[in-house]
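What you see is a predicted model, and the numbers here were worked out from it, not measured in a lab. Note that these values count all heavy atoms, side chains included, but never hydrogens, waters or copies made by symmetry. Read the numbers this way: they start at 1 and go in the same order the structure lists the ligands and their atoms.
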Amino acid sequence: MDAAGEMQKLAPEERRPGVWVCPTAEAAAIEAARRLVEIHAECVAARGEFMLSLAGGNTPRALYRLLASPGYREQIDWAHIHLFWSDERPVAPDHPDSNYGMAAKELLAHVAVPKEHIHRMEADWPSLGRAAQIYEVVLRNLLPLDSRGFPRLDMVLLGMGADGHTASLFPGEGNPAGTSRWVSTPLVEKLGTRRMTLTLPVLNAARHVLFLISGADKAEALQAVVEEIPCEGGGVLPAALVEPFAGERVFIVDAAAASRLQA
Ligand code: 6PG
């Protein structure tokens with residue numbers, strides 16, 4: 001197959017409005033990187049900066065590695081980016097479970113983001129509640145507010161668990177839409193631990209939300225989210241609640257995660 005044929009094979013297919021299916025997880029990371037570079041350039045041109053919130057978990061590792069690699073890292077104006085996190089585990093930044101730690105290893109160690117532009121969620125503080133209050137001050141100092149009074153990020157990267165959670169908004173954990181908080185510290189029953197997370201109104205205040213999802217274990221939840229299939233106990237999965245008030249939401253997924261979305 002010639003190069004054009006190869007490129008065509010990797011090209012994403014819009015299986016549902018805003019749901020782009022790529023053949024592999026690597027192709028999904030490439031598409032996510034392409035969109036991030038494009039949106040970053042628009043934001044820097046318009047406002048001189050790009051306010052980006054990073055996702056945690058393992059899926060974005062491939063994306064961060066790509067952004068740090070030759071061919072991509074030159075396309076990004078790292079000096080004009082501010083990095084935030086969508087959520088964090090209550091561990092030290094060098095702990096293997098740290099979302100900050102993963103991004104630091106795969107991305108920050110390889111690109112020149114000014115350290116004063118790196119806004120880690122200090123979820124390892126003794127008082128998670130106090131750390132959340134401090135993070136709200138960071139958001140207030142750096143971000144404009146949307147029409148609902150919530151801080152407006154340029155882009156929020158998100159993943160999704162097999163149970164349909166996103167950031168640290170888990171099924172059955174209260175009413176995520178009903179909060180006025182910007183950063184919360186929910187007790188996640190199934191994990192037996194607290195997390196620190198941007199709240200749903202902050203995720204929905206973003207200009208762009210990009211879900212990067214891969215793996216067959218996500219297929220059932222992705223179908224439920226995309227097709228808004230109600231949960232047994234009523235309501236929808238947390239990831240389905242992420243619908244920017246005045247922004248764009250896209251899902252970039254691999255074929256395995258999309259296997260229940262009929263073509
Ligand atoms: C976290 C993430 C979480 C993650 C999903 C998917 O801190 O765990 O923010 O929302 O995106 O759990 O994780 P994987 O990418 O590892 O499947």
Side-chain angles (χ1 to χ4, degrees), residues 22 24-29 31-33 36 52-67 83-107 119-124 128 131-132 135 153 155-173 176 183-200 202-204 206 209-222 224-226 236-242 249-259:
C22 302
T24 63
E26 186 196 359
E31 176 61 12
L36 188 148
L52 168 64
S53 178
L54 296 178
N58 291 309
T59 305
R61 195 185 291 273
L63 170 59
Y64 301 160
R65 276 191 189 143
L66 209 50
L67 293 173
L83 292 177
F84 304 82
W85 272 260
S86 304
D87 70 330
E88 187 55 277
R89 292 87 179 272
V91 296
D94 59 355
H95 187 284
D97 289 348
S98 167
N99 288 337
Y100 166 85
M102 185 273 275
K105 176 171 178 278
E106 304 296 355
L107 179 61
H119 312 293
R120 179 175 80 87
M121 282 186 162
E122 295 172 314
D124 50 325
L128 208 51
Y135 209 71
L153 286 151
M155 175 178 265
V156 171
L157 287 176
L158 291 173
M160 185 187 71
D163 61 358
H165 82 262
T166 191
S168 284
L169 305 175
F170 283 77
E173 303 287 347
V183 182
S184 63
T185 60
L187 173 62
V188 183
E189 297 288 350
K190 70 187 290 188
L191 301 177
T193 181
R194 282 196 179 279
R195 290 278 193 93
M196 194 157 138
T197 185
L198 297 182
T199 61
L200 184 66
V202 173
L203 302 181
N204 282 338
V209 171
L210 192 160
F211 278 95
L212 179 60
I213 301 171
S214 60
D217 61 325
K218 311 291 176 74
E220 189 174 346
L222 183 64
V225 166
V226 166
V236 295
L237 293 173
L241 294 170
V242 178
R249 177 187 77 172
V250 293
F251 291 87
I252 298 177
V253 306
D254 72 351
S259 57

Side chain to side chain, L187 and E189, heavy atoms closer than 4.5 Å: yes

Short side-chain to backbone donor-acceptor contact, T59 and I213, under 3.5 Å: no

Short side-chain to backbone donor-acceptor contact, E88 and Y100, under 3.5 Å: yes

First-shell residues of ligand 1 [heavy atom, distance under 4.0 Å]: G56, G57, N58, T59, D87, R89, N99, G159, M160, G161, H165, T166, A167, R195, K218

Partners meeting salt bridge (Lys or Arg N to Asp or Glu O under 4.0 Å) with E31 (sequence neighbours left out): R34, R35

Listed partners of E122 passing salt bridge (Lys or Arg N to Asp or Glu O under 4.0 Å), at least two apart: none

Contacts of type salt bridge (Lys or Arg N to Asp or Glu O under 4.0 Å), residue D254, not counting sequence neighbours: none

